[in-house]
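Note that the structure is a prediction, hence the values are computed from the model and not measured.
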Amino acid sequence: MKKFLLVIPMMFALAIAVGGCATKGDLEEAQAREKAIAAKADQAAMDAEEAKMAADEAILKANEAIERAEEAEQRAIERERIAAEKERIAEEKAQKADEAFQQSMKK
Amino acid sequence: MLPFFRYKLHGYMIIYRMINRSPMPNRFYLTILLMFILGLPGCANMQGFMNESLPFPVYPADQIERNNFVVEKDDDVLGRLAAIRLQNGDTLPDIARHFSLGINTVSSANPGIDLWVPEAGERILLPLSFILPDTPRKGIVINLAAMRLFHFNGNGERLAVATYPVGVGTSERPTPMGKMYISRKKFRPTWYVPASIAEDHRKKGDPLPRAVPPGPLNPLGEHALYLSRSTYLIHGTNKPASIGLRATNGCIRLYPEDVERLFENTPVKTPVKIVNQPYLVGQRDGIVYLEAHPPFEKSGTANWKKIFAKLKNIEKKSGSALDWKKVKQVVLEARGFPLPISKSPDGSEMQMAKPIKVWHPHKLYGQPEIPEFTTDAWYVLAATLRDKVDAQRLAAIIRHQGPSIPARVLTKGDRHRVLAGPYNNKRAAKDAAKRLKIDLELDGVLFKT
């Protein structure tokens, strides 16, 4: 009776252990899944790399565009400054001429 | 108007017959109609009609009143604003003289316009409207700040006023203010050079004789009215472009054509009052106007206080509010002609009256001509400039000297040469070079073509 009582838990344990062992098919499936995951990871890494490169390129282009815009703005400011300077010089010249004229109108 | 109605009736008949399918070809009637329309402006009695009916009438320059006005007893505002389009070669001093205005008022009324080289086609405001100074309306009144003389005639309800622009004394030698009278008049006066002026000229290397006889070199011009305040005169000038400037030694200068009329119409003993009123208030047709001129040194605040009190009084008496924002703007801008400062009935800002348009005359009165370039003549090379406008400006200034020095610009490549001349002989060219040196500090070079 004691032996019988010992055998029953052992049988249970065996059954559980046998249930826990993977079959060959399971193993292959697992390996395939692992490979697929690895491939996906690689792809994701590549995509990420490409996206990063694209982003870097976009940033580069954006920076170039900003630089161009800034240069254009600088040129516009410079043009404006030169125009204002020319206007100032022209006004000064006109004023000087008027002053000389007024002086010449005295007796 | 009868002939006009006859034309009009004839026109209607033509149109009627065209509509009613006349046996005559339509082209015939269209031709007649076209001829009729084109002929209308040619009719002498149609010109007035055209001016009245066109949305923007344009007046010939000689129809614009510049000097003689009649005012009702209570009126303070004379004349009306006008506008003209500039033509190539015009200068503001030429426009000013043609319309008997001083260069100060034309310049203030048109800020930002080049005096000497304005753009052709530019519209110029002619400030031919004035507020009478706040003085008794008797004899001659001269307002220094406005650089304008008023000559009152008559004492009744309607007053005849003749007004002329003037040139006045500099800040160093200002025109004296106060009451005086015309002590004597002289046609073709001799100028006895005052010691102070003789000294100035001696310092400049241009010694003057003790007396300058009548002629083109006499700065008094052809007419002189001597004031009771000794050594001061109202006179003409050999420098017409100086009218509207503070350029005299205390005398009052007028354009030669204006002083001639004043001379004829002013008897000896006529009272003269000289005032300095940069801010003038007047009323016309129930509207209050303010005229502001740049005040002479240190005279602005005191004058402004007086005018401020006057405006407050007007506001209180009339019971209608003034546009104080506009008052401030008029004073700050000092454009030299009357602007409305009353508030509109709806409380909005009152706009100035639309200036009437004036045709450009064929020739501006007194405008110095640009001389033709001739060979076998003497010239003075006054300057060589890279900027064409600078060269044109200098040539215009030289032409507007008194007496006028002929001058033009000769362009070759990017060089613009300002030449004074032509002169028949070397001596005349030398005299011109001397005047350029003394008056404009230009070192001219003589040459013969």
Side-chain angles (χ1 to χ4, degrees), chain A residues 38-107, chain B residues 91-93 103-104 107 112-117 167 169-170 172-173 191 193-194 196-198 200-201 204 208 212 217-220 235 237-251 253 385 387 389-390 392-394 396-398 400-402 405 435-436 438-442:
Chain A
K40 273 185 183 172
D42 287 348
Q43 186 61 44
M46 275 171 66
D47 287 350
E49 188 65 25
E50 272 177 21
K52 190 174 174 294
M53 279 169 66
D56 286 349
E57 203 176 329
I59 288 167
L60 196 73
K61 278 184 180 171
N63 280 335
E64 282 172 4
I66 288 166
E67 272 171 28
R68 278 200 302 276
E70 280 175 351
E71 278 169 18
E73 192 189 9
Q74 279 302 316
R75 280 198 301 273
I77 290 169
E78 187 63 9
R79 270 201 303 273
E80 213 170 285
R81 193 190 63 76
I82 290 168
E85 184 68 8
K86 273 186 181 172
E87 202 176 314
R88 189 187 61 76
I89 291 168
E91 270 176 23
E92 269 180 20
K93 278 182 186 172
Q95 202 179 336
K96 269 188 185 170
D98 286 346
E99 280 167 12
F101 167 72
Q102 289 200 24
Q103 199 63 28
S104 73
M105 287 292 105
K106 289 181 180 175
K107 265 179 196 158
Chain B
T91 67
L92 294 199
I103 187 57
N104 58 326
S107 181
I113 307 273
D114 195 313
L115 270 183
W116 301 104
V117 198
T170 59
E172 299 85 32
R173 290 181 183 145
W191 181 43
V193 184
S196 56
I197 300 174
D200 285 353
H201 277 256
K204 283 199 288 185
L208 290 173
V212 178
L217 295 176
N218 187 325
L220 303 183
H235 60 75
T237 181
N238 63 348
K239 296 176 189 284
S242 70
I243 302 305
L245 294 179
R246 297 183 69 186
T248 76
N249 292 287
C251 287
R253 280 181 199 170
L385 300 162
D387 189 291
V389 172
D390 288 347
Q392 287 172 329
R393 184 182 294 119
L394 182 60
I397 287 175
I398 293 172
H400 286 80
Q401 291 299 299
I405 298 174
R435 283 184 57 206
L436 291 176
I438 289 166
D439 290 337
L440 293 166
E441 295 177 8
L442 293 169

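Ion pair A/E78/A/R81 flagged as a salt bridge, since at least one NZ, NE, NH1 or NH2 atom sits closer than 4.0 Å to an Asp/Glu carboxylate oxygen.
Proximity to chain A is limited to the side chain of B/L220, based on heavy atoms less than 4.5 angstrom apart. With a 4.5 Å cut-off on non-hydrogen atoms, B/R253 touches chain A through its side chain but not through its backbone. Neither the backbone nor the side chain of B/D200 comes within contact range of chain A, judged by heavy atoms closer than 4.5 Å. When heavy atoms are compared at a cutoff of 4.5 Å, B/T170 approaches chain A solely by way of its side chain, counted from C-beta outward.
Residue A/E92 forms a side-chain hydrogen bond (donor to acceptor under 3.5 Å, both in side chains) with just one option from A/K96, A/R88, A/Q95, and that option is A/R88.
In this structure, A/F101 and B/I103 have side chains that are not in contact, with every pair of non-hydrogen atoms separated by 4.5 Å or more.
Atoms CG and CG, on B/D390 and B/L394 in that order, are 8.5 Å from each other to the nearest 0.5 Å.
Interface remark: of the candidates B/C251, B/S242, B/G402, B/S242 forms the most heavy-atom pairs closer than 4.5 Å to chain A.
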Checklist entry - Can you list the steps and then say if B/W116 with B/H400 is a ring pair (Phe, Tyr, Trp, His ring centres under 6.0 Å)? => result CA-CA 10 Å; B/W116 301 104; B/H400 286 80; 5.1 Å; yes
